[in-house]
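Every heavy atom of this structure was used, including side-chain atoms; hydrogens, water molecules and symmetry mates were not. None of the values given here were measured: they were computed from a predicted structure.
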Amino acid sequence: MHFDLRFSALLAAPVLALSLASCDIMAISGGREPQPVTDLRILSADDMQGRLVGSEGNARARAYIVERLGEIGVEAVFENYEQSFTFQRSLDFRDPDAERETVTAVNLVGRIAGANPGEHVMVVGAHYDHVGMDEDGNIFNGADDNASGTAGLLAVAAAFMENPPENDVILVAFDAEEGGLRGARHFVANRPEGYEQIGFMLNMDMIAYSETDDLYAVGTWHYPVLLELVSAAAEVSPVNLRTGYDEPTDDPRNDWTMLSDHGPFHAAGIPFLYLGVEDHEHYHQITDTYENMTLAFFGGAVETSVDVARRADAMLDLIATSPSRQPEAVEK
């Protein structure tokens with residue numbers, strides 16, 4: 001999650017939920033664990049080495065996501081799904097005058113064709129990078145942050161491939177979220193040709209750990225049209241779907257508006273919802289591992305993410321054309 005400040009009528013339409021309920025997330029079907037659990041486990045394994053942008057572990061995670069997108073049947077927008085870009089990174093984040101290196105980052109971008117596409121497209125995203133390893137070789141596995149959101153992204157993709165959306169859906173696994181939201185910023189500034197009119201962005205970042213079963217849908221304060229959507233989704237959600245953490249405040253940790261990959265979309269005037277949990281004891285710690293995740297909650301959060309995506313697709317034109325609460329306050 002969140003860019004760490006320490007480190008720089010349509011609603012009544014039928015909703016086709018993912019066949020993964022929180023009550024049976026641990027059930028083994030035909031000797032196999034549910035696919036989102038497999039994706040979570042693999043992406044947060046030690047051999048991914050914390051998925052730091054530009055690292056071998058990050059490339060290994062990227063190869064796995066590419067393979068999964070291909071298995072699901074998602075169309076590649078760019079060659080092999082890859083949207084590459086470079087940026088400068090300090091070799092010592094504690095020293096602003098330290099030597100800098102050029103890092104290559106890679107977003108993965110796919111498309112699912114809508115059955116009756118309109119003027120706008122919907123973007124569903126999650127970042128797959130994390131913070132890597134420390135000097136002692138400890139791995140920051142990033143199971144919740146954000147192997148979980150990436151697994152959710154793949155689940156949404158699978159659901160839409162099985163039952164196509166009304167509108168075109170662009171799926172983005174963002175790189176280089178940690179430390180600057182660089183992948184999302186690059187995508188917003190370099191939208192794929194033909195898909196420039198983004199009507200809504202759904203972001204999943206940290207959806208696998210909660211002792212209270214609370215999942216937050218952030219963004220309704222800015223875009224009130226989304227309140228009914230979230231309320232309807234909450235009525236059938238197997239987790240506690242709540243709103244909040246999006247009103248202007250003197251404490252930046254209590255306003256998540258710009259703290260993950262939805263931020264650059266909001267800055268461009270694009271409505272968003274961010275699904276995630278509050279910071280917890282494992283956030284940016286070496287204990288953010290698959291073994292420590294609350295898998296029953298994760299199952300419910302994935303199911304809810306699919307449901308929210310379905311509902312947003314059903315009312316995409318309305319979302320895209322509704323005003324924000326304070327458009328003059330949006331950063332440009």
Side-chain angles (χ1 to χ4, degrees), residues 1-6 17-18 20-28 33-46 50-51 126-128 130-131 138-153 155-156 177-178 202-220 230-231 233-247 249 251-256 259-260 262 273-308:
M1 159 174 175
H2 326 313
F3 164 35
D4 189 345
L5 294 181
R6 293 171 296 174
L18 176 69
L20 173 64
S22 62
C23 61
D24 64 358
I25 184 68
M26 295 304 294
I28 303 299
E33 65 187 356
Q35 186 63 53
V37 174
T38 300
D39 293 335
L40 172 66
R41 175 175 54 79
I42 290 176
L43 286 168
S44 60
D46 283 353
R51 307 187 306 278
H127 77 91
Y128 69 93
H130 194 50
V131 299
N138 294 309
I139 300 172
F140 290 75
N141 299 84
D144 196 25
D145 184 13
N146 186 35
S148 67
T150 306
L153 174 67
V156 171
E177 186 268 357
E178 301 288 357
L202 175 64
N203 181 34
M204 292 162 286
D205 192 350
M206 293 176 59
I207 62 171
Y209 184 85
S210 176
E211 297 289 353
T212 60
D213 282 351
D214 290 337
L215 179 69
Y216 282 88
V218 176
T220 60
V230 173
S231 178
E235 289 184 3
V236 297
S237 176
V239 299
N240 303 321
L241 185 61
R242 305 182 182 279
T243 59
Y245 289 110
D246 50 12
E247 295 189 34
T249 174
D251 184 352
R253 298 308 303 183
N254 288 330
D255 181 2
W256 301 350
L259 295 188
S260 184
H262 54 276
L273 277 177
Y274 161 47
L275 299 179
V277 300
E278 295 175 311
D279 289 355
H280 50 73
E281 61 184 307
H282 304 303
Y283 172 57
H284 277 216
Q285 303 297 316
I286 60 174
T287 56
D288 186 6
T289 61
Y290 169 79
E291 291 76 14
N292 284 333
M293 295 301 96
T294 50
L295 292 182
F297 170 78
F298 173 60
V302 169
E303 181 179 333
T304 300
S305 299
V306 173
D307 186 11
V308 168

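Using a 30° and 60° split on the angle between ring planes, Tyr209 and His280 fall in the tilted class, from 30° to 60°.
Minimum heavy-atom separation, Ser210 to Thr294: N-OG1, 3.0 Å. Across all non-hydrogen atoms, the minimal contact from Tyr283 to Arg253 is OH-NH2, 4.1 Å.
For Thr304, the side-chain contact (heavy atoms from CB on, under 4.5 Å) criterion is met by Leu215, Ser237, Pro238, Val239, Leu241, Val308, not counting sequence neighbours. Taking Asp39 as the reference, Arg68 meet the salt bridge (charged side-chain N to carboxylate O under 4.0 Å, His left out) condition, with sequence neighbours excluded. Listed by chain and residue number, Asn141, Glu291, Asn292 satisfy the side-chain contact (heavy atoms from CB on, under 4.5 Å) test with Thr289 (two or more places apart in sequence, or in another chain). For Phe140, there are no ring pair (Phe, Tyr, Trp, His ring centres under 6.0 Å) partners at least two apart in sequence or on another chain. With sequence neighbours excluded, the residues forming a side-chain contact (heavy atoms from CB on, under 4.5 Å) with Ser148 are Leu40, Asp144, Asn146, Ile207, Ala208, Phe298, listed by chain and number. Checked against salt bridge (charged side-chain N to carboxylate O under 4.0 Å, His left out), Asp46 has no partners two or more places apart in sequence or in another chain.
In this structure, Glu278 and Thr212 have side chains that are not in contact, with every pair of non-hydrogen atoms separated by 4.5 Å or more. Looking at Met293 and Asp288, their side chains come closer than 4.5 Å, going by heavy atoms from C-beta outward.
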Checking side chain to side chain contact (heavy atoms under 4.5 Å, CB included) for the pair Val131/His284: CA distance, chi angles, key distance, verdict?
CA-CA 8 Å; Val131 299; His284 277 216; 3.9 Å; yes
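Proximity of a side-chain donor or acceptor of His130 to a complementary backbone N or O of Ser44 within less than 3.5 Å is not detected.
Rounded to the nearest 0.5 Å, atoms CH2 (Trp256) and OH (Tyr216) are 7.0 Å apart.
Using modelled atom types and a 3.5 Å distance limit, the side chains of Asp214 and Asn240 yield a donor-acceptor pair. For the residue pair Thr249 and Asn254, no side-chain donor N or O sits within less than 3.5 Å of a side-chain acceptor on the partner.
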